[in-house]
Amino acid sequence: MPLSEFDLIARYFTRPVGAGGMVRQGIGDDCALLDAGEGTLAVSTDMLLAGRHFFPDADPAAIGHKALAVNLSDLAAAGATPRCFFLALALPRADEVWLAAFARGMFALADRYGCVLAGGDTTRAPVVGGRDGPLTISITAVGEVPRAAAHSRAGARAGDQLWVSGTLGDAALALAHHAGTVVADAEAVRACRLRLDWPQPRVELGGALRGIASACIDVSDGLVGDLGHILARSQVGAEVQVAALPRSASLRAVAPELQHRCALAGGDDYELLFAAPPARRTAVLAAAEACGVAVTHIGRFTAGGGLVLLDVDGPVVDTRLQSYDHFAE
Ligand code: ADP
Ligand code: MG
């Protein structure tokens, strides 16, 4: 078995966070939480590489948008309000047309949330074996959250309801279509491609769920894997009603097996997956309504038993579906 991305982090980089320091929550969640004066900062870093996270010839405005969006999505998972970010770039060349569009896409999103670019680093990607090294974008985003109000992956309790925002699986369908492994109609592909290239971080919903959600994660690597992170950190199990998974009209038009695969194990959704006690059901729905985002109750947390996927008639669906792991073969 190759070392997985998460085993690698656990084995080589995860160390105890000493008591009394400013790091209240370190490795293992969507954001680190840092105590700073009276407040708490939520900090997250995400790196995007050409050829791995985006197509090298993709619209640079979309790349700029997505590089920041995936970081704001982690802040949203913690319930934090975006404040500023840092941008590190390794560029094969200084292409001004590309840079102008990249900056336009990135700042349009930053300005929407009053999130200020506060610094960064810029370097030239080296030529390796006669080929340009990959364009690499790393963003660190900093948000603010009232002390003790941050959501984490821990905190889900048996009996809590499991909710997800928006719809799942569209980005995965767009990717599969691009790879030539599925055929879908042109309009559906266009809609799904928008979800893949221009993900909308659920910043408002993340903030509105403060004091309501008992645990939260953003779905970046697929529902099964990301729910698995909540289960591991909260030490609970969960049952998910597969038929209840929210799917767009585009996804509902493809074969049921493909719908399930995209919604359960696709990546790049950037929706919020969260736990809330049944008594907070009305509060969850009111928070979502206030933000103009749909939320769907898709299951419940259990005392143990791992993750169980239930079909309409009860039979268990294939649980071998995996989330995205950078080091899986
Ligand atoms: P997300 O998908 O929310 O961005 P990841 O799954 O990428 O989170 O990372 C899981 C956790 O591991 C996070 O808390 C992240 O900060 C941490 N992490 C990832 N890579 C490293 C690393 N090289 N060193 C230290 N921590 C890391
Ligand atoms: Mg995350």
Side-chain angles (χ1 to χ4, degrees), residues 2-18 21-34 40-49 52-54 66-82 85-88 90 136-143 145 150-156 162-166 168 171-172 195-196 199-203 205-207 209 213 215-234 265-275 322-328:
L3 194 59
S4 81
E5 177 185 339
F6 300 107
D7 291 342
L8 180 162
I9 296 165
R11 191 171 301 172
Y12 294 104
F13 300 121
T14 305
R15 310 173 89 190
V17 173
M22 77 180 304
V23 180
R24 187 143 57 82
Q25 173 178 280
I27 295 173
D29 220 290
D30 291 294
C31 291
L33 297 177
L34 311 180
T40 297
L41 299 177
V43 184
S44 175
T45 292
D46 262 305
M47 181 159 58
L48 272 68
L49 259 75
R52 179 159 290 278
H53 299 97
F54 56 89
K66 187 165 178 174
L68 182 59
V70 301
N71 280 279
L72 298 192
S73 179
D74 279 326
L75 296 188
T81 305
F85 66 106
F86 296 80
L87 169 67
T136 306
I137 306 153
S138 178
I139 288 183
T140 299
V142 181
V145 60
H151 315 126
S152 75
R153 297 174 182 183
L162 173 63
W163 297 82
V164 71
S165 64
L168 297 168
R195 294 289 313 269
L196 177 67
Q200 301 301 317
R202 302 301 190 186
V203 172
L205 180 64
L209 289 171
C216 187
I217 190 170
D218 69 317
V219 185
S220 55
D221 294 337
L223 176 100
V224 166
D226 287 324
L227 178 55
H229 293 311
I230 292 189
L231 302 191
R233 297 267 291 176
S234 299
D268 270 352
D269 294 308
Y270 301 103
E271 296 294 351
L272 295 183
L273 180 68
F274 58 97
Q322 294 291 316
S323 67
Y324 191 76
D325 175 349
H326 280 280
F327 295 95

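All of these numbers come straight from a predicted model, not from anything done at the bench. Counting starts at 1 for both ligands and their atoms, following the listed order.
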*Under 30°, 30 to 60°, or over 60°: which ring-plane class applies to W163 and F274, parallel, tilted or perpendicular?*
parallel
*asked:* Considering non-hydrogen atoms of the protein only, which is the closest contact for atom 25 (C) of ligand 1, and what is the distance?
replied: I27 CD1, 3.4 Å
*For atom 7 (O) of ligand 1, the protein heavy atom that lies nearest, with its residue and separation*: E5 OE2, 4.2 Å
*Among all protein heavy atoms, pick out the one at the shortest distance from atom 22 (C) of ligand 1; state its residue, atom name and that distance to 0.1 Å.*
F13 CD1, 4.1 Å
_Winner among C31, S44, A10, G28 once heavy atoms are compared against atom 11 (C) of ligand 1_ = G28
*Are any of the side-chain heavy atoms of R153 and S234 separated by less than 4.5 Å?*
no
_Show me which atoms of ligand 1 lie under 4.0 Å from any heavy atom of S220._
2 (O)
*Closest approach of S220 to D226 (non-hydrogen atoms, all atoms of both residues)*: N-OD2, 2.9 Å
_With sequence neighbours excluded, residues passing side chain to side chain contact (heavy atoms under 4.5 Å, CB included) with T136_ = M47, L49, A90, P134
*What is the closest protein heavy atom to atom 27 (C) of ligand 1, and at what distance does it sit?*
I9 CG2, 3.9 Å
*asked:* I'd like to know if the side chain of K66 and the backbone of L196 have a donor-acceptor N/O pair within less than 3.5 Å.
replied: yes
*Which ligand 1 atoms, with their elements, are less than 4.0 angstrom from a heavy-atom of F6?*
6 (O)
*Indicate yes or no for a side-chain donor-acceptor contact from H151 to the backbone of A215 under 3.5 Å, with no hydrogens or angles considered.*
no
*Mind listing the closest non-hydrogen atom pair of A141 and N71 along with its distance?*
CB-CB, 3.7 Å
*Report the residue from T45, V145, L75 that forms a side-chain contact (heavy atoms from CB on, under 4.5 Å) with C31.*
L75
*asked:* Is there a polar contact between ligand 1 and R153, counting only N or O atoms under 3.5 Å apart?
replied: yes
*For D46, the ligand 1 atoms whose distance to one of its heavy atoms is below 4.0 Å*: 4 (O)
*Of all the non-hydrogen atoms in the protein, which one sits nearest to atom 4 (O) of ligand 1, and at what distance?*
D74 OD2, 3.2 Å
_Of the protein N/O/S atoms, how many lie under 2.8 Å from the Mg ion (ligand 2)_ = 3
*Closest heavy-atom contact between V23 and V17?*
O-CG1, 2.9 Å
*For ligand 1, indicate whether the residue R15 contacts it via side chain, backbone, both or neither (heavy-atom separation under 4.0 Å).*
neither
*Do the charged groups of D218 and R202 touch, with an N to O distance under 4.0 Å?*
no
*Results of side chain to side chain donor-acceptor pair (under 3.5 Å) for Q200 - residues two or more places apart only*: R112
*asked:* Suppose I only count heavy atoms of D30 and a 4.0 Å limit; which atoms of ligand 1 are within that range?
replied: 3 (O)
*asked:* Which residues pass the side chain to side chain donor-acceptor pair (under 3.5 Å) test with R195, not counting sequence neighbours?
replied: T167, E271
*Which option, D29, I217, T14, L8, owns the non-hydrogen atom nearest atom 15 (C) of ligand 1?*
D29
